[in-house]
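Working notes, structure below.
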Amino acid sequence: MKRLENLRMKKLFFFLLAITVASCSISDEPKSQAYMVQVEDATVPETMILGQMATIQVKYRRPTDCHIFNGFYTESDNFTQTISVRCIKFNESNCIDDSSVVYDVPLNFMPTVAGTYHFKFWTGEDSNGLPTFLEIDSVVE
């Protein structure tokens, strides 16, 4: 008899679990999305020392207060470093315009080979939809 009661309790538990899972609403809309925002300006040291960390100051604007800084996107091709600012935008309905504020964030860079590095900071797109860049060179000794 006790065994039959345990079996009924297990069935009831799984039935309630199934109803709970089936009644949950899963939204198709993500809670946040990743975005690249344009670099306004960058300060790169004219010279850097091989193997030592250098700080590059990067300025950007975020469209709204729902866009939160999330690091940098960097792509390295030998001595060319392509950089943009990553943000996460939370899908909120009460976002406030924040485009008038310029944010200044540090990017740490450690050169691994001596030579002239070419930094390309993404500044947006031109009228043809092609990427535009702020380009700065730095010599590594």
Euclidean distance, [Y] [atom2] relative to [X] [atom1], rounded to 0.5 Å:
X: Thr64; Y: Asn94; atom1: OG1; atom2: CG; result: 9.5 Å
X: Trp122; Y: Phe133; atom1: CH2; atom2: CZ; result: 9.0 Å
X: Thr43; Y: Ile136; atom1: OG1; atom2: CD1; result: 7.0 Å
X: Arg62; Y: Lys89; atom1: CZ; atom2: NZ; result: 12.0 Å
X: Gln38; Y: Glu40; atom1: CD; atom2: CD; result: 7.0 Å
X: Tyr35; Y: Ser84; atom1: OH; atom2: OG; result: 14.5 Å

So, do Val140 and Tyr117 sit near enough that their side-chain heavy atoms are less than 4.5 Å apart?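 SC-SC contact between Val140 and Tyr117 confirmed.
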I'd like to check Gln33 versus Asn91 (side-chain heavy atoms, cut-off strictly below 4.5 Å). Are they in contact?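 Yes, their side chains come closer than 4.5 Å.
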Hey, mind stepping through Thr47 and Glu141 against side-chain contact (heavy atoms from CB on, under 4.5 Å) and telling me if it holds? CA-CA 7 Å; Thr47 59; Glu141 302 171 337; 4.2 Å; yes
State yes or no: do [X] and [Y] share one hydrophobic cluster built from I, L, V, M, F, W and Y residues joined by side-chain heavy-atom distances below 4.5 Å, directly or via other members?
X: Leu134; Y: Phe72; value: yes
X: Val105; Y: Val44; value: yes
X: Tyr60; Y: Val101; value: yes
X: Ile88; Y: Ile83; value: no
X: Phe121; Y: Phe69; value: yes

Sub-3.5 Å donor-acceptor pair from the side chain of [X] to the main-chain atoms of [Y], do we have one?
X: Arg61; Y: Ser100; answer: yes
X: Asp126; Y: Gly129; answer: yes
X: Arg86; Y: Gly71; answer: no
X: Asn128; Y: Leu130; answer: no
X: Thr123; Y: Thr132; answer: yes
X: Asp65; Y: Ile96; answer: yes

Using only heavy-atom distances, determine whether the side chains of Tyr103 and Asp98 contain a donor-acceptor pair under 3.5 Å.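 There is such a pair (donor and acceptor under 3.5 Å, judged by atom type) between the side chains of Tyr103 and Asp98.
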Between Gln81 and His118, do the side chains contain an N or O donor and an N or O acceptor separated by less than 3.5 Å?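 Not at all, the side chains of Gln81 and His118 share no donor-acceptor pair under 3.5 Å.
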Shortest non-hydrogen separation from [X] to [Y] and the atoms involved:
X: Val37; Y: Cys87; result: CG2-SG, 3.8 Å
X: Thr55; Y: Pro106; result: CG2-CB, 3.8 Å
X: Ile56; Y: Pro45; result: CG1-CD, 4.2 Å

Taking the ring centre of each residue, are Phe119 and Phe109 less than 6.0 Å apart?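 Yes, the ring centres sit under 6.0 Å apart.
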Before giving the answer on side-chain contact (heavy atoms from CB on, under 4.5 Å), spell out for Met48 and Val139 the whole-Å C-alpha distance, their side-chain angles and the decisive distance to 0.1 Å. CA-CA 6 Å; Met48 297 184 213; Val139 176; over 6 Å; no
Begin from the C-alpha positions of Asp77 and Thr82 and carry the test side-chain contact (heavy atoms from CB on, under 4.5 Å) through to its verdict. CA-CA 8 Å; Asp77 182 16; Thr82 305; over 6 Å; no
Would Ile68 and Phe90 satisfy side-chain contact (heavy atoms from CB on, under 4.5 Å), going step by step from the backbone distance to the final call? CA-CA 8 Å; Ile68 306 300; Phe90 293 101; 3.5 Å; yes
